[in-house]
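Worksheet: the structure to be examined is printed underneath.
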Amino acid sequence: MKPSLIIHGGAWDIPDSAVPACKSGCERALTAGWGILQAGGSALDAIEAAVVILEDDPVFDAGYGSHLNLDGRVECDAIVMDGATLRAGAVATLQHVRNPVRLARKVLENCPHMMLVAEGAERFAHEQGIKLCAPEDLITDAEREAWSKCKIDKHAAAFHRGHEQGTVGAVALDRDGRLFAATSTGGTCCKLPGRVGDSPLIGCGCYADSEAGAVSCTGYGEAIMKIVMAKTAADFLRSAPEVPDTHSAMAAARQAVQVLARRTHATGGLILLDRQGNPGWAFNTPRMAFGYVQTDGAIFTAV
Ligand code: ASP
């Protein structure tokens with residue numbers, strides 16, 4: 001099988017000033033994931049490596065630099081899904097984990113359950129040898145500043161220009177035909193403590209089925225959940241021609257975002273690979289940060 005990799009860093013009104021940082025974050029994530037795939041490594045290792053880089057980059061809303069909830073704390077959600085087994089590992093409302101995708105992988109591989117939240121998830125992290133961090137270690141000055149403005153004058157979009165959203169995700173197919181997807185997020189700014197959006201929910205923010213394709217979503221979580229957007233996109237892929245191509249992959253991505261717009265009037269975006277590794281993407285926001293590795297091995301990024 002020819003390996004394939006696509007990633008995203010969120011769909012929203014990304015200002016010009018944030019474009020170079022978003023692009024360079026996407027490039028670094030693709031380089032890391034592609035290095036693994038090219039060396040014959042697994043799609044799971046590739047998506048984990050790519051998402052860790054995006055989580056560590058404060059320009060994105062995942063891991064370090066995530067938006068703060070109403071209490072002024074970071075609460076992260078993440079998921080990893082295996083297209084062969086349909087098994088997922090998901091975690092939510094983490095406050096002490098630097099790289100939520102790593103914990104999601106541990107749940108996928110070492111846990112009898114598919115989703116753990118809050119203290120239980122963090123206890124599992126500790127048992128699995130993942131070092132817990134102080135909540136402050138995840139907070140950037142920019143996010144604390146936006147949050148303090150929101151506290152004074154209610155949450156207002158104007159305070160969030162430049163860092164409104166920015167969930168991250170990756171989808172990879174490896175030489176052995178294994179297909180994995182991952183999504184990681186800090187959720188929405190000033191969310192109520194305990195709020196969980198679409199991102200870590202199987203079928204909503206992420207889905208992988210080797211018979212159809214794999215998907216990672218971004219956008220307004222409460223709307224994405226309504227249309228189970230990742231599974232909706234996978235179902236469009238399922239009904240693609242017997243030999244799917246770039247055209248059918250792009251069409252499936254567009255159709256899913258059209259359903260989001262038509263049925264919820266909300267905004268968002270997604271990336272996907274069909275079962276052959278053809279990439280597709282779509283968004284109805286002004287911009288989405290994303291990138292993929294082209295068939296000749298060249299890295300393409302766009303914002
Ligand atoms: N979907 C994420 C959430 O609602 C936010 C985003 O993608 O930017 O938590």
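We count ligands from 1, going down the list as the structure has it; atoms in each ligand are counted the same way.
A salt bridge is absent between Arg195 and Asp77: the closest approach of a Lys/Arg side-chain nitrogen to an acidic carboxylate oxygen does not fall below 4.0 angstrom. Ionic pairing of Glu119 and Arg123 is not present here: no N-O contact between side-chain nitrogen and carboxylate oxygen is shorter than 4.0 angstrom.
Residue contacts with ligand 1, taken as heavy atom pairs separated by less than 4.0 Å, do not involve Met229 at all.
Remark: among candidates Thr167, Thr267, Asp198, the nearest residue to atom 1 (N) of ligand 1 is Asp198, based on non-hydrogen atoms.
An N or O contact shorter than 3.5 Å is missing between Tyr220 and ligand 1 by distance. Looking at ligand 1, you won't find any N or O of Gly187 less than 3.5 Å from one of its N or O atoms. Considering both main-chain and side-chain atoms, Gly221 comes within under 3.5 Å of ligand 1 through a nitrogen or oxygen pair.
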Practice item. Under the side-chain hydrogen bond (donor to acceptor under 3.5 Å, both in side chains) rule, what do Thr232 and Asp235 come out as? Steps first, then yes or no, please. Key: CA-CA 5 Å; Thr232 296; Asp235 287 342; 5.8 Å; no
Point to revise | Verdict with supporting geometry, Trp281 and Met250, side chain to side chain contact (heavy atoms under 4.5 Å, CB included) | key: CA-CA 6 Å; Trp281 63 90; Met250 287 298 287; 3.8 Å; yes
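Checked against side-chain contact (heavy atoms from CB on, under 4.5 Å), Ser210 has the following partners two or more places apart in sequence or in another chain: Ala84, Leu179.
Atoms of ligand 1 found under 4.0 Å from any heavy atom of Gly166, numbered from 1 in the order shown, are 8 (O). Against a heavy-atom cut-off of under 4.0 Å, Thr218 is close to the following atoms of ligand 1: 6 (C), 7 (O), 8 (O).
Contact between Lys191 and ligand 1 is absent, with no heavy atom of the residue lying under 4.0 Å from the ligand. At a 4.0 Å cut-off, not a single heavy atom of Gly10 sits close enough to ligand 1 to count as contact.
Using a distance-only test at 3.5 Å, with no hydrogens or angles considered, a donor-acceptor pair links the side chain of Glu122 to the main chain of His96. Side-chain atoms of Asp61 come within 3.5 Å of backbone N or O of His67 as a donor-acceptor pair.
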